[in-house]
Amino acid sequence: MADDKDVLRDVWFGRIPTCFLLNQDEVTEREAEPYYLLLPRVSYLTLVTDKVKKHFHKVIRTDDAEEMWFEYEGTPLKWHYPIGVLFDLHASNTVLPWSITVHFKNFPERDLLHCPSHSVIEAHFMSSIKEADALKHKSQVVNDMQKKDHKQLWMGLQNDKFDQFWAMNRKLMEYPTEDGGFRFIPFRIYQTLSDRPFIQKQFRPVSPEGHVHTLGDLLKEVYPTPLQWLSEHLSHPDSFLHICVIPVPSD
């Protein structure tokens, strides 16, 4: 892959200033102070909010607490979407910090998956990695990895260790020079005004006629950046290129 390491670092270290507020109906002992965090865009909410949980547990009765979940302006936030995707979908026009409401009761069973432990996030993350590698390399890279290699990917993400993660992730971004790119580009397109959770189809980086596909080909607009480069450098740690389509407010 092209070694644009500065781009990789910029993507990895992208942060969203966030203010967590406890739902007022759940305050039982004293007023809860807000809690502020810089959220990594490439991670998952339930992976980086242990401090939030600890902070608010001080003001609620532990025996009343259920599984922690998050909501923004009435919309439950899906923990299995990367944080950057959640922000872009729901709050890209908001004034920072991003205000997220914390709940410990009334888990929205119809809207969210349960996430009782980090092992659930790890399983989801590795499933996405394997799905992406099946599209890019017919699963050859993941199948050649050992269990410790899979664990290195996960621990790099969990502990926010760029070098640890990319030392292994680089293998997932390589391809034979003669191929000119991946077999298919792993991508998901999210639309705020759609009932579908996301759009995901097989899409090659190069057409049978040798035309290098760009993001414009994918979105039917004119963007001059090759999809192969985007996939290599702007994919989330799960190896998918997550694209949010946000409608522009009319005047």
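Numbering starts at 1 and runs along the sequence shown. The shown structure was predicted, so the numbers you read here are calculated from the model rather than taken from an experiment.
- Within the 4.5 Å cutoff, the side chain of L153 has no heavy atoms near those of the P237 side chain.
- Of all heavy-atom pairs between S231 and F182, the closest is OG-CE1, 3.3 Å.
- One distance of note links NE2 of H233 with CG of D6; it measures 10.5 Å at 0.5 Å rounding.
- When atom types are taken as modelled, the side chain of D149 and the backbone of Q146 share a donor-acceptor pair closer than 3.5 angstrom.
- The shortest side-chain heavy-atom distance between I129 and H150 does not fall under the 4.5 Å cut-off.
- Residues S128 and S239 fail the side-chain proximity criterion, which asks for heavy atoms closer than 4.5 Å.
- Side-chain contact between F104 and M68 is present, with at least one heavy-atom pair separated by less than 4.5 Å.
- Of all non-hydrogen atoms in F240 and D238, the two that sit nearest each other are N-OD1, 2.9 Å.
- For the pair Q152 (side chain) and Q164 (backbone), a donor-acceptor distance under 3.5 Å is present.
- Applying the side-chain hydrogen bond (donor to acceptor under 3.5 Å, both in side chains) criterion to Q228, with sequence neighbours excluded, gives E232.
- Residues V42 and W229 share a hydrophobic cluster, clusters being chains of Ile/Leu/Val/Met/Phe/Trp/Tyr side chains in contact below 4.5 Å.
- At least one donor-acceptor pair under 3.5 Å links the side chain of T49 to the backbone N or O of L45.
- For Y44 and H80, the gap between ring centers reaches or exceeds 6.0 Å.
- Taking the charged nitrogens against the carboxylate oxygens, R9 and D163 do have a contact shorter than 4.0 Å, which makes a salt bridge.
- Transitive grouping of hydrophobic side chains (ILVMFWY, heavy atoms separated by less than 4.5 Å) keeps L112 and L77 in distinct clusters.
- At least one side-chain heavy atom of S235 sits less than 4.5 Å from a side-chain heavy atom of M173.
- Counting heavy atoms from C-beta outward, H114 and E109 have side chains that approach closer than 4.5 Å.
- Separation of atoms CG (D133) and CZ (R183) is listed at 10.0 Å; rounding is to 0.5 Å.
- Counting only distance, with no hydrogens or angles, the side chain of W69 and the backbone of K105 share a donor-acceptor pair below 3.5 Å.
- M145 and M126 fall within a single hydrophobic cluster, where Ile, Leu, Val, Met, Phe, Trp and Tyr side chains are chained together by heavy-atom contacts under 4.5 Å.
- For the pair H124 and W79, the minimum side-chain heavy-atom distance is below 4.5 Å.
- Between F20 and Y35, a ring centre-to-centre spacing not shorter than 6.0 Å is recorded.
- A side-chain donor-acceptor contact under 3.5 Å links H55 to the backbone of E33.
- Listed for the T18 side chain is a donor-acceptor partner under 3.5 Å among the backbone atoms of I16.
- Residues A91 and W98 approach most closely at CB-NE1, 3.3 Å, considering heavy atoms.
- Looking at S207, its side chain does come within 3.5 Å of a backbone N or O of H211 through a donor-acceptor pair.
- For E71 and H103, the side-chain atoms include at least one donor-acceptor pair closer than 3.5 Å.
- With a 4.5 Å cut-off on side-chain heavy atoms, I60 and L22 count as touching.
- The aromatic rings of W12 and F165 sit tilted relative to each other, their planes meeting at an angle between 30° and 60°.
- Side-chain atoms of S127 do not come within 3.5 Å of backbone N or O of A123 as any donor-acceptor pair.
- For N143, the CG atom is densely surrounded, since the number of other residues' heavy atoms within 6.0 Å is greater than 12.
- Nearest heavy atom pair, residue L38 against residue R15, reads O-CD, 3.9 Å.
- With values rounded to the nearest 0.5 angstrom, L234 atom CG is found 15.0 Å from F187 atom CZ.
- For the pair H137 (side chain) and E174 (backbone), a donor-acceptor distance under 3.5 Å is present.
- Salt bridge K136/D179: absent, no basic N to carboxylate O contact under 4.0 Å.
- One finds the CD1 atom of I243 at 7.0 Å from the CG atom of L227 (value rounded to the nearest 0.5 Å).
- Between the side chains of Y190 and H242, at least one donor N or O sits under 3.5 Å from an acceptor N or O.
- Note that NE2 of H90 is 6.0 Å distant from OG1 of T75, once rounded to the nearest 0.5 Å.
- In terms of heavy atoms, S99 sits closest to Y72 at O-CD1, 3.0 Å.
- When atom types are taken as modelled, the side chain of R204 and the backbone of H213 share no donor-acceptor pair closer than 3.5 angstrom.
- Distance OH/Y81 to SG/C244: 9.5 Å, rounded to 0.5 Å.
- In terms of heavy-atom proximity, L230 sits nearest to L241 at O-CD1, 3.6 Å.
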